[in-house]
Protein chains: 2
Amino acid sequence: MPAATTSSTTDTNNVTSLADRRLLHETVIDRLRDLIVQGELAPETKLNERVLAEKLGTSRTPLREAIKFLASEGLVELLPNRGAVVAPLKPEKMKEVFVVLGALEALAGDLACRNATEADIAEIRALHYHMLAHHARGELAQYFRYNQQIHIKFMECAGNATLTQVYRGLNAHVKRARYMANLSRERWDKAVKEHEDMLDALVKRDGARLQTLLRDHLANKLVMVMEALNAKSAEAAR
Amino acid sequence: MPAATTSSTTDTNNVTSLADRRLLHETVIDRLRDLIVQGELAPETKLNERVLAEKLGTSRTPLREAIKFLASEGLVELLPNRGAVVAPLKPEKMKEVFVVLGALEALAGDLACRNATEADIAEIRALHYHMLAHHARGELAQYFRYNQQIHIKFMECAGNATLTQVYRGLNAHVKRARYMANLSRERWDKAVKEHEDMLDALVKRDGARLQTLLRDHLANKLVMVMEALNAKSAEAAR
DNA sequence: TAGGCTCATTTTGCATACAAAAAAGGTTTG
DNA sequence: CAAACCTTTTTTGTATGCAAAATGAGCCTA
């Protein structure tokens, strides 16, 4: 029996293909979020509905729904009668986000030390070694990927889905900045060392120490991000 | 010159009137959120687009955009090809939210002790006395109103707009539950006493004590909400 | 009578149409 | 030459149209 593909236009950029049960506007949300987080749509870029809809292979209706969704996440800003722009990436905002993330990660670390199963810890350890491997090879993008996964896994170990959701939302803002970061080898090594310590604290179920480590780790990350932002704005001023 | 009202249908429930520069879908977002938070649209109610659009005096398009926005806030859930429902109000979810709120309020309390101006504190004191007045008269709704304002003001004193925004989002969930609460006089008196202590700690800029007080206050609030939820589910099971 | 089938109705999801607002461009005037 | 005005074009905001999916009502069958 041949695969009965749902009838659909065969546009170049069409998103739907093979038995795709997802809804178009949900796909658009994810694609648009990626475009923003990965910096393909730079901060303060105006979102032209006609152009974007075409680019994403849909009509304006699902696109507008996606824009509203992302506006609630704070990744885009709505300008009445003037559409929407990619949310600006201001140093001030970034500081705010890091303060909140600090509280959330500290909470997660504490909960994770109590709730993580041995299997959870084994999984984090595995991710950790993947990360080390990519660090050793100097593969920044891959490194970030596993780094992210470790932080998310920490969150999940806390066993609080609401916490994870809020974390993800705020973290999207940070990720945007990170894509510009030019991590120095020195900072990078330090970050890896911090991860070693964090894993150790989790293994020993030392919630208090883990909280401290997470706060320091975040503080260092903030410095990194601020440097990247400053470099970027200096570049823009040239 | 007579007020040149923008031409518009004169439906019964029409939202726009006199020089209203707000956009329809933004109005719809706020109205729909109120309906959900105040329980007029009960948890797990199916959102029929045609009916709701009519009720709000608009077409389905802005309504759908509003639904997507509120979905991101977590107040409604999207069911692919089956529309949307008001998010269920599960005790488990409520516990999660309170844990996160605890971390956020503690953070805010700490920051507020450092950053609040004397004018801020005066304003909180004023709100506090309003609250006391309504407590004395047994006016629950009004009491809640000022209670809310005090908590929001605390947040604002922390001087972190991102923190305030996240707080508001999570707090919306709690508010939903609170509208069912049947506060006993005993608990109510206790809550007021806690507020007295919180104000005192803020005046003395005792961040550590304020954090503890806020955590306890929230813990008590959680008990209240859980009782309300249990009472409601017991009622539903009858 | 319970279970399942078919067909009609409703509802959702997406595309398009249209009106109002904003932006762009050109012309005039100081 | 710049600023103010008017016109044209573009873009947004909302309503409506239409197809596909889901729902529900009969009807049949075991």
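Each chain gets a letter, A, B and so on, in the order the sequences are listed, and its residues count up from 1.
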Pull out every protein N or O sitting under 3.5 Å from an N or O of nucleotides 5-10 of chain D, one pair per line with the distance.
none

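- Taking atom CG of A:Leu24 as the reference point, atom P of D:dA21 lies 14 Å away to the nearest angstrom.
- For B:Thr58 against D:dT14, a side-chain-to-base donor-acceptor contact under 3.5 Å is absent.
- When the P atom of D:dA21 is taken as reference, atom CG of B:Asn81 falls 7 Å away, rounded to whole Å.
- Checking A:Val51 against B:Lys46, the closest nucleotide of DNA chain D that is more toward the 5' end is the one next to A:Val51.
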Acceptor/donor pairs from residues 219-231 of chain B side chains to any protein atom, 3.5 angstrom cut, sequence neighbours excluded:
residue  : atom : partner  : partner atom : Å
B:Asn220 : ND2  : B:Glu194 : OE2          : 2.3
B:Asn220 : ND2  : B:Asp216 : O            : 3.4
B:Glu227 : OE1  : B:Arg187 : NE           : 3.4
B:Glu227 : OE2  : B:Arg187 : NH2          : 3.0
B:Asn230 : ND2  : B:Met226 : O            : 3.3

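- Remark: P of D:dA20 and CZ of A:Arg22 are 21 Å apart, rounded to the nearest angstrom.
- Every residue two or more places apart in sequence or in another chain that forms a salt bridge (charged side-chain N to carboxylate O under 4.0 Å, His left out) with B:Glu65 is listed here: A:Arg64, A:Lys68.
- Salt bridge annotation for B:Arg31-B:Asp34: absent, with no cationic side-chain nitrogen under 4.0 angstrom from a carboxylate oxygen.
- Look at CD on A:Glu49: it is 15 Å from P on C:dT16, rounded to the nearest Å.
- The nearest whole Å value for the distance from the CG atom in A:Leu63 to the P atom in C:dT16 is 14 Å.
- Whole-Å rounding puts the A:Arg60 CZ to D:dT16 C1' distance at 14 Å.
- Between B:His25 and the phosphate of D:dT14, there is a side-chain N or O to OP1/OP2 separation shorter than 4.0 Å.
- The separation between A:Ile29 atom CD1 and C:dC14 atom P is 10 Å, rounded to whole Å.
- A:Leu78 comes within 4.0 angstrom of no nucleic acid atom, judged by non-hydrogen atoms across all strands.
- Backbone-only engagement by A:Leu47 is indicated by non-hydrogen atom pairs under 4.0 Å involving sugar-phosphate atoms exclusively.
- Going from atom CG of A:Leu56 over to atom C1' of C:dC14 covers 15 Å, rounded to whole Å.
- Near DNA chain C, meaning a heavy atom under 4.0 Å away, the residues from residues 64-75 of chain B are B:Arg64.
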A:Arg145 vs A:Gln148, side-chain hydrogen bond (donor to acceptor under 3.5 Å, both in side chains): CA-CA, chis, key distance, verdict: CA-CA 5 Å; A:Arg145 216 166 74 82; A:Gln148 272 303 304; over 6 Å; no
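- Judged as a side-chain contact (heavy atoms from CB on, under 4.5 Å), and not counting sequence neighbours, the contacts of A:His195 are A:His128, A:Met131, A:Asn147, A:Ile150, A:His151, A:Met198, A:His217.
- Sequence order on DNA chain C of the closest nucleotides to A:Arg82 and A:Ser59 puts A:Ser59 first from the 5' end.
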Just distance, no hydrogens or angles: give the donor-acceptor pairs under 3.5 Å from side chains in residues 35-47 of chain A, sequence neighbours left out.
residue : atom : partner : partner atom : Å
A:Thr45 : OG1  : A:Ala42 : N            : 3.2
A:Thr45 : OG1  : A:Ala42 : O            : 2.4
A:Lys46 : NZ   : A:Arg82 : O            : 3.3

